[in-house]
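Each residue takes its place number in the sequence, starting with 1. Please read these numbers as outputs of a predicted model, since none were measured by experiment.
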Amino acid sequence: MVAFGMIKTSVLSFKVLNLPSSKIEGSRQFKCKASKMELTITQPDDWHLHLRDGEVLQAVVPHSASSFGRAIVMPNLKPPITSTAAAVAYRESILKALPADSVFSPLMTLYLTDTTSPHEIKLARESGVVFAVKLYPAGATTNSQDGVTDLFGKCLPVLEEMAEQNMPLLVHGEVTDPDVDVFDREKVFIDTILQPLIQRLPQLKVVMEHITTMEAVRFVQSCSYGSVAATVTPQHLLLNRNALFQGGLQPHNYCLPVLKREIHRQAIVSAVTSGNKKFFLGTDSAPHEKRRKESPCGCAGIYNAPVAISLYAKVFEEAGALDKLEAFTSFNGPDFYGLPRNTSKIKLTRTPWKVPESFSFSFGDIVPMSAGETLEWQPSSI
């Protein structure tokens, strides 16, 4: 087996093997029919992850730990993680659930409530283990019933302290007014909550999580660099709302914010693959037991941790932007948070592999995103 056309840049290195024909044009372009391609990139991080607790935590954390160096862990447990002490205890539970040889690092968050105090924000910053605070509008998504009911009326002193402490606010960007159509809730949130918040506290760092609309893309692009960013999931890059209904109701494609029209998906893909530093990887991987998804009132959430890196590679390859994959997965997130980039590497090999139909555990089955499908990129550690 002969290596051919080794190309390295500051962003990405890749090599093409077993080429029946090839053509090199310039120093950084090539065309070929390759039986195998390998990409080496800096270890990615996941800047939006649900690990749950108890048996589910022990079951799913190895999937994330095998692909990511760090992850921002969501605090919407029962009860929610509302204090620094609770975040420290939850972190210990995660570390105990990791495989023995894992170096995965959980980055903890606090769950913002109407009664969170500025003092708690100071404690969080001093702890060294809490890296952000999560805003769930009350009733917006899974376990959000304890979330915020009046951001400006009840949380402004906390937000001011967060700005002082350089503590990012992570936003589930949807209003919960029942009079607002479910497909419009992100846009209305931007207009009525997020835009006024940024105008009032321009120094507050904000991550608009799991964006789903062209309006969110435009809003993030319009903000000054370093103050507002966005995480993007595999599902919102690959699926539109038709995926909820094709061939019957598809509960494993149901998440919140809900999938949107194709025009919105295309806008998100364009933004992410453009190289804009304001957008970075956040899977929003959210495990639920199969029986809870396939029920009269199914849970919102897509479990994508086992396939996320493969799916992101698919998106960038289809957009002709593989040279920008590493920045999205591995650079933009830590740069926004002011953390060092990982020094370890992973390898992505372009070789077909089939996603399991489900993962079976003692408590039940969890169905992953793209279950039963064949994916083209397979990640592995180096």
Participant: Under 6.0 Å from the CZ atom of Arg292, do we count more than 12 heavy atoms belonging to anything else shown?
Facilitator: no

Participant: Using side-chain contact (heavy atoms from CB on, under 4.5 Å), reason through Glu186 and Glu215 one step at a time and then give a plain yes or no.
Facilitator: CA-CA 8 Å; Glu186 184 170 278; Glu215 289 84 6; over 6 Å; no

Participant: For residues Ser117 and Val158, report the shortest heavy-atom separation together with the two atoms involved.
Facilitator: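 That closest heavy-atom pairing would be C-CG2, 3.8 Å.
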
Participant: I need the Asp335 CG to Lys278 NZ distance, nearest 0.5 Å.
Facilitator: 14.5 Å

Participant: Regarding Gln250 and Gln246, do their side chains bring together a donor and an acceptor under 3.5 Å, going by distance alone?
Facilitator: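 Note: Gln250 and Gln246 side chains miss the donor-acceptor criterion.
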
Participant: Do Asp114 and Val148 have side-chain heavy atoms sitting under 4.5 Å apart?
Facilitator: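 Yes, at least one pair of side-chain atoms sits under 4.5 Å.
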
Participant: Tell me which pairs pass side chain to side chain donor-acceptor pair (under 3.5 Å) where either residue lies in residues 253-267, with sequence neighbours left out.
Facilitator: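 Qualifying pairs: Thr212-Lys260, Asn240-Glu262, Glu262-Arg265, Glu262-Gln266.
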
Participant: Please determine whether a side-chain nitrogen of the Lys or Arg among Lys96 and Glu92 lies less than 4.0 Å from a carboxylate oxygen of the Asp or Glu.
Facilitator: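 No, Lys96 and Glu92 are not salt-bridged.
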
Participant: Relative to the ring of His48, is the ring of His210 parallel (under 30°), tilted (30 to 60°) or perpendicular (over 60°)?
Facilitator: tilted

Participant: Hey, are the side chains of Val355 and Pro368 touching, using non-hydrogen atoms and a 4.5 Å cut-off?
Facilitator: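 Val355 vs Pro368: side chains touch.
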
Participant: Grab the two heavy atoms, one from Ile309 and one from Ser67, that are nearest each other, plus how far apart they are.
Facilitator: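 That closest heavy-atom pairing would be CG1-CB, 4.0 Å.
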
Participant: Could you walk me through whether Thr113 and Asp146 pass the side chain to side chain donor-acceptor pair (under 3.5 Å) test, one step at a time?
Facilitator: CA-CA 7 Å; Thr113 73; Asp146 297 309; over 6 Å; no

Participant: What I'd like to find out is whether the side chain of Leu110 reaches to under 4.5 Å of the side chain of Met167, using heavy atoms alone.
Facilitator: no

Participant: Would Glu294 and His252 count as a side chain to side chain donor-acceptor pair (under 3.5 Å) here? Give the steps.
Facilitator: CA-CA 8 Å; Glu294 300 176 5; His252 297 287; 2.8 Å; yes

Participant: Which distance, rounded to the nearest 0.5 Å, do you find between the CG of Leu194 and the CZ of Phe189?
Facilitator: 5.5 Å

Participant: Phe280 vs Tyr337 aromatic rings, parallel, tilted or perpendicular, using cut-offs 30° and 60°?
Facilitator: perpendicular

Participant: Quick check: Phe336 with Trp47 (ring centres under 6.0 Å apart)?
Facilitator: no

Participant: Quick one: do Phe328 and Tyr312 satisfy ring pair (Phe, Tyr, Trp, His ring centres under 6.0 Å)? Show the steps, please.
Facilitator: CA-CA 9 Å; Phe328 172 77; Tyr312 286 122; 5.3 Å; yes

Participant: Working note: Lys314 + Glu376, criterion side-chain contact (heavy atoms from CB on, under 4.5 Å); need CA distance, chi angles, decisive distance, verdict.
Facilitator: CA-CA 7 Å; Lys314 170 184 171 69; Glu376 296 299 324; over 6 Å; no

Participant: Could you tell me if the side chain of Asn342 sits less than 4.5 Å from the side chain of Arg70, heavy atoms only?
Facilitator: yes

Participant: Heavy-atom distance under 4.5 Å between the side chains of Trp353 and Leu375, does that happen here?
Facilitator: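 Yes, close enough: below the 4.5 Å cut-off.
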
Participant: Using the side chain to side chain donor-acceptor pair (under 3.5 Å) rule, take Glu120 and Thr84 through it: C-alpha gap first, then chi angles, then the decisive distance, then the call.
Facilitator: CA-CA 7 Å; Glu120 194 62 57; Thr84 302; 2.8 Å; yes

Participant: Considering all heavy atoms of both residues, which atom of Trp377 and which atom of Leu322 are nearest to each other, and what is their separation?
Facilitator: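 Heavy atoms of Trp377 and Leu322 come nearest at CZ2-CD1, 4.0 Å.
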
Participant: Near Lys345 NZ, under 6.0 Å, is it more than 12 heavy atoms from other residues, nucleotides or ligands?
Facilitator: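 Yes, enclosed.
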
Participant: Enumerate the residue pairs fulfilling side chain to side chain donor-acceptor pair (under 3.5 Å) with a member in residues 218-233, sequence neighbours excluded, ordered by first and then second residue.
Facilitator: Ser224-Ser227, Thr233-His236

Participant: Determine whether a donor-acceptor pair (N or O, by modelled atom type, separation under 3.5 Å) exists between the side chain of Thr349 and the backbone of Thr351.
Facilitator: no

Participant: Please tell me if the side chains of Thr116 and Cys155 come closer than 4.5 Å, counting only heavy atoms from C-beta onward.
Facilitator: no

Participant: With side chain to side chain donor-acceptor pair (under 3.5 Å) as the test, would you mind laying out the steps for His172 and Glu174 before giving the verdict?
Facilitator: CA-CA 6 Å; His172 182 109; Glu174 292 187 292; 2.7 Å; yes

Participant: So, do Leu348 and Leu325 sit near enough that their side-chain heavy atoms are less than 4.5 Å apart?
Facilitator: yes

Participant: Contact between Met162 and Leu169 at the side-chain level, heavy atoms closer than 4.5 Å - yes or no?
Facilitator: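 A side-chain contact under 4.5 Å exists here.
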
Participant: Has Asp46 got a side-chain atom pairing as donor or acceptor with Thr283's backbone, closer than 3.5 angstrom?
Facilitator: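 Such a contact is found between Asp46 side chain and Thr283 backbone.
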
Participant: If the threshold is 4.0 Å, N to carboxylate O, is there a salt bridge linking Lys290 and Asp365?
Facilitator: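 A salt bridge is absent here (no side-chain N lies under 4.0 Å from a carboxylate O).
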
Participant: Around atom CD1 of Ile263, are there more than 12 heavy atoms of other residues, nucleotides or ligands at under 6.0 Å?
Facilitator: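 At most 12 heavy atoms, drawn from other residues, nucleotides or ligands, come within 6.0 Å of this atom.
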
Participant: Check whether Ser330 reaches the backbone of Thr42 with its side chain - one donor and one acceptor, N or O, closer than 3.5 Å.
Facilitator: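 Judged by distance alone, yes, a pair lies under 3.5 Å.
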
